[in-house]
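Reckoned from all heavy atoms, side chains included, excluding hydrogens, waters and symmetry mates. Note on naming: letters A, B, ... go to the chains in the order of the sequence lines (proteins, then strands), and numbering restarts at 1 for each one. Computed from a prediction, not measured in an experiment: that's the story for all the values here.
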Amino acid sequence: MIDLKELKERRDEIAQNISNRYMNVDIDEIIVLQEKRSALLQESEAYRAKRNENAQKMKAKLDKETRDAYIAEGKQIKETIAKLETELAVVETAFQEKARTIPNYAHEDAPIGKEDKDSTTVKLVGQVPTFSFKPKDHVQLGESLDLIDFDSATRVSGPKFYYLKNQAVILQMAMERYALDIVMKNGFTPFITPDIAKEEILLGIGFNPRGEESNIYNLEGTDTCLVGTAEITLGGYYANQILDRKKLPIKMCGLSHCFRREAGGAGQYSKGLYRVHQFSKLEMFIYCLPEESEHYHNLILGIEEEIFSGLGLAYRVVDTATGDLGSPAYRKFDIEAWMPGRGEEGEYGEVTSTSNCTDYQARALGIRYRDDEGSTQFVHMLNGTAIALSRAMVAVLENFQNEDGSVTIPPSLVPYTGFDRIEAL
RNA sequence: GGAGAGAUGUCCGAGUGGUCGAAGGAGACGGACUCGAAAUCCGUUGUACCGUUUACGGUACCGAGGGUUCGAAUCCCUCUCUCUCCGCCA
């Protein structure tokens, strides 16, 4: 959530930002609510002061008549307060709910635009592979090599689930460890995180845990959800805490399952492993001082590049357009790896995403540090994918397939797999 | 899952329904003493919001949420968490 004290003075800027993000938030309605709230708050506080004053007077020894008069007055005050507070609660809830929908400010360099196409490619790395044969997509490879079983998963769990089998199991674990080693080398503390989190944490991180458009699975009757990413549990880790300035930056990485409802997400671009209800992911997370967040955003991006270039994949780095940022992000870079089986002749497909959320999440979650003057400030929070195993699997299988139907294991993974080739059956 | 105990400020810990934002101690910070340090002594030492704005005033917060009362850390109810014992279990 943004700083609501700035709502009025930065009104035009906020409205412009909402429009740049193609969002539908009525800032003026929120300002009206804020003013109503403020008036009610002041009034009810004044009455509380009166109540306290009245109670103070009753401490003295009083004759019955005066005493009864004070009690009568107190009762009246009590009623007024109750009425004001009921009103206030309604306005307060509406205000908070709406205010939460205001997105974070955006970096001045973030391209303004509605969708994918408007994002800027800032970097192209590696050579897109050429094949002397018609490359298969990972669904075909998964079937022919007996690595992935979508059909059984559909029967057991439903569409968009999958079983990994045979070498794919080893390959996934190899990629997981490969990425983990690189991330740890960069000073991140490894975690295996819970796969379930409370709704209040989801909200603080900026996810919408409920409703039609939510991508999150709720656990019925519990106020908890299956996490869509370890960003949620890593970002909630320090909720409502004041961090020691000297401990910053805090660099964590978390391995978790990721659950996504993906309602209505069918179609050619979401076939196979690309868009599924459950996958595993290693996520990086950084808490840092505000003046350092841009630096650490680049650091995370650099690590992501190290991981994907280390796999020998061709990729591009994209500076995400405002319309695609998501509420909490101030700036977001995606890495899109070349996927030969995507589209007609291969296309880039998103494999990582790193966001600088500045103080947007920290404010909602109450994560602060003490500055040199001793007053509390909100930290900046950043997240980034180290590796999303399902999409990495897509990229590796499709890029390193051979004409005979086998798949070569990238050299950087061989120490982790123990084999250098998945032979055709 | 069953039985019991507890939850107070950075920490420990006291608290009769009004004099409690909260005793006392520890720690931290500032000062005095000292050549310096230790010890000792004096002082300061929460967060959030609202309003005026270097000073300041108000409101709220003693696990959370309700309730009783003119007035609640203190009484009542519900919930959460922690600890101990029993059961179950990978």
Side-chain angles (χ1 to χ4, degrees), chain A residues 1-9 30-100 102 192-204 209 219-225 233 236-248 255-257 359-379:
Chain A
M1 137 167 92
I2 64 163
D3 186 349
L4 297 173
K5 279 184 208 145
E6 299 178 338
L7 213 50
K8 269 191 253 184
E9 44 184 286
I30 298 171
I31 289 173
V32 168
L33 281 169
Q34 187 181 41
E35 280 168 347
K36 253 194 217 170
R37 169 188 177 272
S38 175
L40 281 168
L41 187 68
Q42 279 175 55
E43 202 181 344
S44 73
E45 283 194 354
Y47 271 96
R48 278 161 184 268
K50 252 189 221 179
R51 179 195 63 193
N52 292 347
E53 200 186 321
N54 180 265
Q56 283 296 312
K57 287 192 282 192
M58 305 267 297
K59 283 193 286 194
K61 289 222 161 101
L62 303 166
D63 58 75
K64 183 162 187 322
E65 214 170 296
T66 324
R67 192 176 176 77
D68 288 348
Y70 282 155
I71 289 177
E73 191 190 341
K75 283 191 179 180
Q76 194 115 52
I77 294 170
K78 186 155 80 160
E79 271 177 44
T80 310
I81 292 176
K83 206 181 97 219
L84 285 169
E85 288 189 342
T86 310
E87 257 179 273
L88 177 61
V90 173
V91 174
E92 178 79 52
T93 307
F95 172 61
Q96 292 296 339
E97 252 172 46
K98 304 259 183 187
R100 207 168 39 225
I102 299 172
I192 292 176
T193 61
D195 290 332
I196 290 172
K198 296 183 183 175
E199 282 186 14
E200 62 196 70
I201 301 292
L202 278 276
L203 279 170
L219 286 126
E220 199 177 340
T222 64
D223 294 331
T224 59
C225 307
T233 43
Y237 194 83
Y238 290 108
N240 297 313
Q241 293 195 30
I242 297 176
L243 304 175
D244 184 351
R245 194 184 199 284
K246 293 192 289 277
K247 295 231 173 77
L248 299 175
L255 182 66
S256 80
H257 293 111
D359 59 3
Y360 189 87
Q361 298 173 324
R363 183 170 293 105
L365 291 166
I367 306 179
R368 294 162 295 170
Y369 69 97
R370 232 171 258 289
D371 65 18
D372 293 331
E373 271 86 60
S375 57
T376 56
Q377 304 289 345
F378 293 110
V379 297

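Rounded to whole angstrom, the span from the CD atom of A/Q42 across to the C1' atom of B/C49 amounts to 11 Å. As a whole-Å value, the separation of A/E200 CD from B/G65 C1' is 13 Å. Remark: P of B/C70 and CZ of A/R48 are 17 Å apart, rounded to the nearest angstrom. In this structure, CZ of A/R51 is placed 10 Å from C1' of B/U59, rounded to the nearest angstrom. When rounded to the nearest whole Å, the span between CZ of A/R245 and P of B/U10 equals 21 Å. Look at NZ on A/K78: it is 4 Å from P on B/G71, rounded to the nearest Å. The CD atom of A/E85 sits 10 Å away from the C1' atom of B/U59 (whole-angstrom rounding). Atom CZ in A/R37 sits roughly 9 Å away from atom P in B/G51 (whole-Å rounding).
Taking atom P on both B/G6 and B/U10, the two are 24 Å apart, rounded to the nearest angstrom. Look at the C1' atom in both B/G87 and B/G2: the space between them is 8 Å, to the nearest Å. Annotation: B/G9 and B/A73 have their P atoms spaced 15 Å apart (nearest Å). Distance noted for atom C1' between B/C62 and B/G15: 10 Å (whole Å). A distance of about 43 Å separates the P atoms of B/A28 and B/C77, rounded to the whole Å. Using atom P as the reference point in both B/A26 and B/U44, the two lie 16 Å apart (nearest Å). Comparing the P positions of B/A38 and B/G24 gives a spacing of 25 Å, expressed to the nearest Å. Rounded to whole Å, the P atom of B/U47 lies 15 Å from the corresponding atom of B/A22.
Using the Watson-Crick or G-U wobble rule with both distances under 3.5 Å, B/A7 pairs with B/U80. The partner of B/C62 is absent, by the rule that a Watson-Crick or G-U pair needs both atom distances under 3.5 Å. Under the Watson-Crick or G-U wobble criterion, with both distances below 3.5 Å, B/A37 has no partner in any strand shown. Across every strand in view, B/G1 sits in a pair with B/C86 that passes the Watson-Crick or G-U test at under 3.5 angstrom. Figure legend. B/G21 is base-paired to no nucleotide; pairs are counted as Watson-Crick or G-U wobble with both atom distances under 3.5 Å. Across all strands shown, B/C50 is found opposite B/G57 as a Watson-Crick or G-U wobble partner, with both distances under 3.5 Å. With a cut-off of 3.5 Å on both pairing distances, the Watson-Crick or G-U wobble partner of B/U44 is B/A28.
Applying the 4.0 Å criterion to OP1 and OP2 of B/A60, one finds that A/N52 has a side-chain N or O inside that range. Contact between the side-chain N/O atoms of A/R370 and the OP1/OP2 oxygens of B/U47 is found at a separation under 4.0 Å. Remark: A/T376 is in phosphate contact with B/A48, judged by side-chain N or O atoms under 4.0 Å from OP1 or OP2.
Side-chain contact of A/Q76 with A/T80: a donor-acceptor pair under 3.5 Å is absent, judged by distance alone.
At the heavy-atom level, A/K50 lies nowhere under 4.0 Å from the strands shown.
A/I367 has its side chain out of reach of A/Q241: every pair of non-hydrogen atoms, C-beta onward, lies at least 4.5 Å apart. Between A/D359 and A/V379 there is no side-chain heavy-atom pair separated by less than 4.5 Å. Within the 4.5 Å cutoff, side-chain heavy atoms of A/D3 are placed close to those of A/R363.
Two residues, A/A55 and A/L41, neighbour RNA chain B, and the one matched to the more 5' nucleotide by heavy-atom proximity is A/A55. Ranked by how close their nearest RNA chain B nucleotide is to the 5' end, A/Y70 and A/A46 are led by A/A46.
A/T86 places a side-chain N or O within donor-acceptor distance of the main-chain N or O of A/A82, the cut-off being under 3.5 Å.
Listed here is the closest heavy atom pair of A/E199 and A/C225: CG-SG, 3.7 Å.
Side-chain atoms of A/E45 and base atoms of B/G58 include a donor and an acceptor less than 3.5 Å apart.
Here the rule is side chain to side chain contact (heavy atoms under 4.5 Å, CB included) with A/L88, and of A/T93, A/I81, A/L40 only A/L40 fits it.
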